[in-house]
Student: 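After the structure tokens below, expect a handful of questions from me.
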Amino acid sequence: MAKIEIIRGDITQLNVDAIVNAANRSLLGGGGVDGAIHRAAGPELLEACERLNGCNTGDAKITPGFRLPSKYVIHTVGPVWNNGKNREKELLASCYRQCLRIVSENGIKTIAFPNISTGVYGFPKPEAASIAFETVQDFLTEHPELEKVIFCCFDEENFSIYNNLNFNKIIIKRVQSPQAIQIVAGLASTIWNEHYVLIIGQEQVDYMVASFQSADAIEKQINNENYEYYLIYHLSEPSGYISIKLMGDELFLSKFYITKEKRGTGLGKEGLKFVINIAKKLDAKAITLTVNKYNIKSIKAYDKMGFKNTGSVVSDIGAGFVMDDFKMSYEL
Ligand code: APR
């Protein structure tokens with residue numbers, strides 16, 4: 001399920017938790033989407049806005065949606081385009097970020113944005129679309145709790161610009177924040193329970209997830225054991241993760257997982273290309289990994305990617321469990 005949707009339509013009709021209004025600093029209504037939202041919400045919206053004492057450019061404030069299908073309206077004030085002389089790009093990005101901050105603070109799960117500042121305020125539509133998309137995509141990489149962001153385009157020009165945005169369908173981002181570590185731990189538990197129960201049994205999966213894939217275990221590996229973790233996002237959806245550690249002149253690929261529903265979308269190939277780039281930058285001679293002997297699917301996938309089997313390795317992982325693996329190596 002892609003988190004980001006681009007539609008053509010009237011934002012006042014959308015049945016989402018919150019719609020965003022491209023307002024002016026007074027918050028007392030106007031034309032364009034501001035006028036449409038106030039007309040659809042009814043007079044209570046103006047009364048609620050009068051109590052907000054206006055809003056600065058680049059900032060945002062929330063009110064109920066009243067007669068609108070959406071529970072909330074988040075009013076934001078975009079910059080008036082002045083040929084980029086007054087930090088307009090920064091202020092437009094701030095509008096999206098402030099709206100998303102309010103979304104996060106209010107447990108809102110679905111939100112729709114109009115194309116802020118691209119009407120009366122004259123912001124060039126292509127740049128506005130890129131700023132909107134990149135700001136939202138960046139926020140989503142740390143906020144998986146947000147279920148859907150809709151870009152609601154009213155005019156044909158914006159709609160075609162958004163649909164032709166050559167955005168990265170796949171983003172690979174270094175894991176450093178506690179939120180990102182939580183996302184990895186969540187993915188790990190899902191993937192291990194989906195993929196390994198049939199291979200090593202539920203008991204060992206539970207032990208592995210609790211001992212080596214928990215947020216604490218991951219944080220310890222990052223902070224005390226020089227592991228680097230990366231999250232792989234597909235259409236802004238956390239869809240896999242990688243953990244690596246340089247060991248001598250070899251780069252150990254400790255974990256490399258893709259969620260079941262994202263298999264076949266090219267994430268594995270992209271992930272490996274990413275690891276190979278890091279290995280080359282570190283002057284590593286090879287990328288090594290261990291894979292459970294009975295994990296036939298993964299062994300075949302690594303084989304296809306150019307890894308060679310270099311022998312068995314059996315390791316005692318505690319609590320009476322033993323990992324019976326093949327060691328595989330990708331020569332650089
Ligand atoms: N649904 C979705 N989008 C809409 C709608 C609608 N019902 N009506 C207009 N739009 C689109 C416009 O096509 C444009 O792409 O909203 C985008 C923003 O245009 P404006 O509404 O003109 O907003 P903006 O450029 O940010 O200027 C804000 O205009 O209405 C006044 O009070 C508002 O002073 C403020 C200024």
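Counting convention: from 1, in listed order, for ligands and their atoms alike.
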Student: Using 30° and 60° as the class limits, which term best fits the ring planes of H75 and H38: parallel, tilted or perpendicular?
Tutor: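 H75 vs H38 ring planes: tilted.
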
Student: Hey, does I11 come in under 3.5 Å of ligand 1, counting only N/O atoms on both sides?
Tutor: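 Yes; at least one N/O pair falls below 3.5 Å.
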
Student: Are Y257 and E194 linked by a side-chain donor-acceptor pair shorter than 3.5 Å?
Tutor: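 No, E194 and Y257 have no side-chain donor paired with an acceptor closer than 3.5 Å.
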
Student: Salt-bridge test for E105 and R101: reply yes if a basic N is under 4.0 Å from a carboxylate O, no otherwise.
Tutor: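 Between R101 and E105 there is a salt bridge, with a charged N closer than 4.0 Å to a carboxylate O.
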
Student: What's the shortest distance from atom 18 (C) of ligand 1 to any protein heavy atom, and which residue and atom give it?
Tutor: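 Nearest neighbour among protein heavy atoms for atom 18 (C) of ligand 1, to 0.1 Å: N115 O, 3.3 Å.
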
Student: Taking distance alone, no hydrogens or angles, what donor-acceptor pairs closer than 3.5 Å link side-chain atoms of residues 106-113 to residues at least two apart or in another chain?
Tutor:
{"residue": "N106", "atom": "ND2", "partner": "I102", "partner atom": "O", "Å": "2.7"}
{"residue": "T110", "atom": "OG1", "partner": "D17", "partner atom": "N", "Å": "2.8"}
{"residue": "T110", "atom": "OG1", "partner": "D17", "partner atom": "OD1", "Å": "3.4"}

Student: Taking 4.0 Å as the limit for heavy-atom contacts, which would you say applies to N158 with ligand 1: side chain only, backbone only, both, or neither?
Tutor: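 Side chain only.
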
Student: Closest non-hydrogen protein atom to atom 25 (O) of ligand 1, residue and atom name please, with distance?
Tutor: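 It is G119 N, 2.8 Å.
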
Student: Test your reading of the structure: does A23 have an N or O sitting under 3.5 Å from an N or O of ligand 1?
Tutor: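 By distance alone, the answer is no.
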
Student: Short N/O distance, under 3.5 Å, between F154 and ligand 1?
Tutor: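 No - when backbone and side-chain N and O of F154 are compared with those of ligand 1, no distance drops under 3.5 Å.
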
Student: For atom 27 (O) of ligand 1, which of Y121, F159, F151 has the closest heavy atom?
Tutor: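 The option holding the nearest heavy atom is Y121.
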
Student: If every non-hydrogen atom of T63 is compared with every non-hydrogen atom of C49, which pair is closest and at what distance?
Tutor: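 So the two residues come closest at CG2-SG, 4.3 Å.
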
Student: Identify, by atom number and element, the atoms of ligand 1 in contact range of A36, meaning under 4.0 Å from any of its heavy atoms.
Tutor: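 What qualifies from ligand 1 is 7 (N).
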
Student: Taking a cutoff of less than 4.0 Å between a non-hydrogen atom of the residue and any ligand atom, is S117 in contact with ligand 1?
Tutor: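 Right, S117 reaches ligand 1.
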
Student: Under 4.0 Å between a side-chain nitrogen and a carboxylate oxygen: does that hold for E157 and K125?
Tutor: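 Salt bridge between E157 and K125, a charged N being under 4.0 Å from a carboxylate O: yes.
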
Student: Thinking salt bridges, do E5 and K148 make one under a 4.0 Å N-O criterion?
Tutor: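 Answer for the salt bridge query: yes.
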
Student: With a cut-off of 4.0 Å, which atoms of ligand 1 are near a heavy atom of T118?
Tutor: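 What qualifies from ligand 1 is 14 (C), 15 (O), 17 (C), 25 (O).
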
Student: Under 3.5 Å, N or O to N or O, is N24 touching ligand 1 that way?
Tutor: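 Yes, N24 has an N/O under 3.5 Å of an N/O on ligand 1.
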
Student: Name the option, out of I7, L14, V33, L28, that contains the heavy atom nearest to atom 9 (C) of ligand 1.
Tutor: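 Answer by nearest heavy atom: V33.
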
Student: Between T12 and D10, is there a side-chain donor-acceptor contact under 3.5 Å, judged purely by atom types and distance?
Tutor: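 Distance-only check passes for D10 and T12.
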
Student: Considering only non-hydrogen protein atoms, determine which one is nearest to atom 12 (C) of ligand 1 and report residue, atom name and distance to 0.1 Å.
Tutor: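 Looking only at protein heavy atoms, the one closest to atom 12 (C) of ligand 1 is D155 OD1, 4.0 Å.
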
Student: Are any of the heavy atoms in D10 under 4.0 Å away from ligand 1?
Tutor: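 It does; at least one heavy atom falls under 4.0 Å.
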
Student: For residues Y162 and F133, establish whether the separation of their ring centroids is below 6.0 Å.
Tutor: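 When the ring centroids of Y162 and F133 are compared, they turn out to be at least 6.0 Å apart.
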
Student: Give the residue and atom name of whichever protein heavy atom lies nearest to atom 30 (O) of ligand 1, and the separation in Å to one decimal.
Tutor: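 That would be G31 O, 2.6 Å.
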
Student: Can you list the atoms of ligand 1 that are under 4.0 Å from a heavy atom of V120?
Tutor: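 In order of number, 22 (O), 25 (O), 27 (O), 29 (O).
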
Student: As an exercise, identify every atom of ligand 1 less than 4.0 angstrom from a heavy atom of D34.
Tutor: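 Numbered from 1, ligand 1 contributes 30 (O), 32 (O), 33 (C).
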
Student: Could you tell me whether A22 approaches ligand 1 through its side chain, its backbone, both or neither, with non-hydrogen atoms closer than 4.0 Å?
Tutor: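 Both parts.
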
Student: Check the side chains of Y227 and K255 for a donor-acceptor pair under 3.5 angstrom, ignoring hydrogens and angles.
Tutor: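 Distance-only check fails for K255 and Y227.
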
Student: Working to the nearest 0.5 Å, report the span between CG of L27 and CG of N21.
Tutor: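 With rounding to 0.5 Å, CG (L27) is 8.0 Å from CG (N21).
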
